[in-house]
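As structure tokens, the structure follows; a few thoughts come after it.
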Amino acid sequence: GGGAEDRQRIVSTMEQVFREGNASVEATILDRHGKGTPFHFSGTRVTLDGQSCLLGLGLDVTERLKAEQILAHERAILRTLIDTLPDLIWLKDTEGVYLGANKRFELFFGASEAEILGKTDYDYVGKELADFFRHHDRLAMERDAPSVNEEEIAFAHDGHRELLETTKVPMRDAQGEIVMLLGVTRDITARKQAEERIHFLAHFDALTGLPNRA
């Protein structure tokens, strides 16, 4: 057997089988060397020769738990990466409902990811801007290709404004149907200011006859 707690869980599960007809539990079983192995136990009440009996099945789930741990670790690394990127990253379904958002995006809406999930742009920004977002959502899906657009927005977190460039990419399921949009939004304020400065200098030099300094 395993530890006292696991033994009690197995006994409770057996009692539940006789009360309700079936039940399952995961518990660790110790061998004679004290090594524990995780098992998934399931039981069903059956009647044999008029007697109520327990039909039980125990499966070693060591490999499944290892795979789950590896997957959870990989997801944690990916989530940390997404949350530390300077870009706004989000997921929407085809109706524009948010499925996920990173920390930087939370600052834009001034809300936590948990609050954003299940909501749309219309819940957080004015109708004109929300219509603009939705228009480009549809363009990406209709073209079935990445769509790029620019917009200047104010962050609800502190009110500062940024000029942003958003790339929206349609994502498909195993059957090839578009099921969501991935968005990556980058602050291009500094880049635009530099481009405008270069354009101004080039125009000024052309007017004055000075060599181009760009």
Side-chain angles (χ1 to χ4, degrees), residues 1-85 87-107 109 111-121 123-124 137 141 144 168-184:
E5 182 178 343
D6 278 337
R7 288 197 298 272
Q8 182 55 48
R9 291 170 64 208
I10 294 173
V11 171
S12 297
T13 301
M14 294 173 63
E15 294 172 347
Q16 184 180 351
V17 169
F18 283 106
R19 289 196 311 270
E20 303 175 9
N22 54 69
S24 63
V25 67
E26 289 194 1
T28 299
I29 302 299
L30 302 179
D31 63 18
R32 60 191 181 89
H33 301 293
K35 179 184 177 182
T37 301
F39 277 86
H40 177 86
F41 294 96
S42 60
T44 301
R45 187 180 62 218
V46 297
T47 300
L48 296 176
D49 297 329
Q51 296 292 321
S52 184
C53 303
L54 169 67
L55 175 63
L57 175 66
L59 296 176
D60 183 343
V61 293
T62 302
E63 294 305 316
R64 192 203 76 195
L65 292 179
K66 284 182 180 178
E68 289 176 353
Q69 290 170 355
I70 292 172
L71 182 59
H73 180 63
E74 291 175 346
R75 284 177 174 170
I77 292 175
L78 179 59
R79 183 69 206 200
T80 299
L81 173 62
I82 290 173
D83 279 338
T84 54
L85 287 173
D87 298 334
L88 291 76
I89 300 175
W90 49 262
L91 283 172
K92 293 179 186 177
D93 69 14
T94 56
E95 299 302 316
V97 176
Y98 280 96
L99 304 174
N102 73 343
K103 294 295 183 185
R104 178 103 156 90
F105 192 92
E106 289 179 337
L107 299 179
F109 276 177
S112 68
E113 182 184 34
E115 294 169 321
I116 294 171
L117 298 184
K119 303 290 182 58
T120 71
D121 293 311
D123 294 300
Y124 289 99
D137 289 350
M141 290 185 289
D144 192 15
K168 299 180 178 182
V169 181
M171 302 184 71
R172 296 179 175 275
D173 62 12
Q175 287 70 47
E177 295 293 325
I178 295 176
V179 292
M180 66 182 72
L181 281 174
L182 168 66
V184 179

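Count residues from 1 along the sequence.
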Task: Stepwise side-chain contact (heavy atoms from CB on, under 4.5 Å) check, M171 with L181 - done: CA-CA 6 Å; M171 302 184 71; L181 281 174; over 6 Å; no
Got [X] and [Y] here, is their nearest side-chain heavy-atom distance under 4.5 Å?
X    : Y    : result
F41  : I29  : yes
L88  : V184 : no
L182 : K168 : no
R64  : E68  : yes

TODO: Using the side-chain contact (heavy atoms from CB on, under 4.5 Å) rule, take R104 and L85 through it: C-alpha gap first, then chi angles, then the decisive distance, then the call.
DONE: CA-CA 8 Å; R104 178 103 156 90; L85 287 173; over 6 Å; no
TODO: Determine, for K92 against D137, whether the closest basic-nitrogen to carboxylate-oxygen distance falls under 4.0 angstrom.
DONE: yes
Task: SB check R172 D144 (cutoff 4.0 Å) - done: yes
Any donor and acceptor pair, going by atom type alone, linking the side chain of [X] with main-chain N or O of [Y] inside 3.5 Å?
X    : Y    : result
N22  : G43  : no
E26  : H40  : no
D83  : T80  : no
E106 : E113 : yes

Of the non-hydrogen atoms in [X] and [Y], which two are nearest, and what is the gap between them?
X    : Y    : result
L117 : G100 : CD2-N, 3.4 Å
D93  : E95  : OD1-N, 2.8 Å
G36  : T28  : CA-CG2, 3.6 Å
I116 : A101 : CD1-CB, 4.4 Å

Task: More than 12 heavy atoms from other groups under 6.0 Å of CZ on R19 - done: yes
Open item on the list: Taking atom CD as the centre, does E20 end up with more than 12 heavy-atom neighbours from other residues, nucleotides or ligands that are less than 6.0 angstrom away?
Closed with: yes
For residues 52-60, dump all side-chain donor-acceptor pairs below 3.5 Å to protein atoms at least two apart in sequence or in another chain.
from	atom 1	to	atom 2	distance (Å)
D60	OD1	T62	N	2.9
D60	OD1	T62	OG1	2.6

Task: Check: Q16/S12 side-chain N/O donor and acceptor closer than 3.5 Å - done: no
Task: Residue pair K119, E115: steps toward the salt bridge (Lys or Arg N to Asp or Glu O under 4.0 Å) verdict - done: CA-CA 8 Å; K119 303 290 182 58; E115 294 169 321; over 6 Å; no
Rounded to the nearest 0.5 Å, what separates atom [atom1] in [X] from atom [atom2] in [Y]?
X    : Y   : atom1 : atom2 : value
N102 : I89 : CG    : CD1   : 5.0 Å
Q8   : I10 : CD    : CD1   : 10.0 Å
R79  : T84 : CZ    : OG1   : 10.5 Å

Task: For F109, all residues meeting ring pair (Phe, Tyr, Trp, His ring centres under 6.0 Å), sequence neighbours excluded - done: Y98, F105, Y124
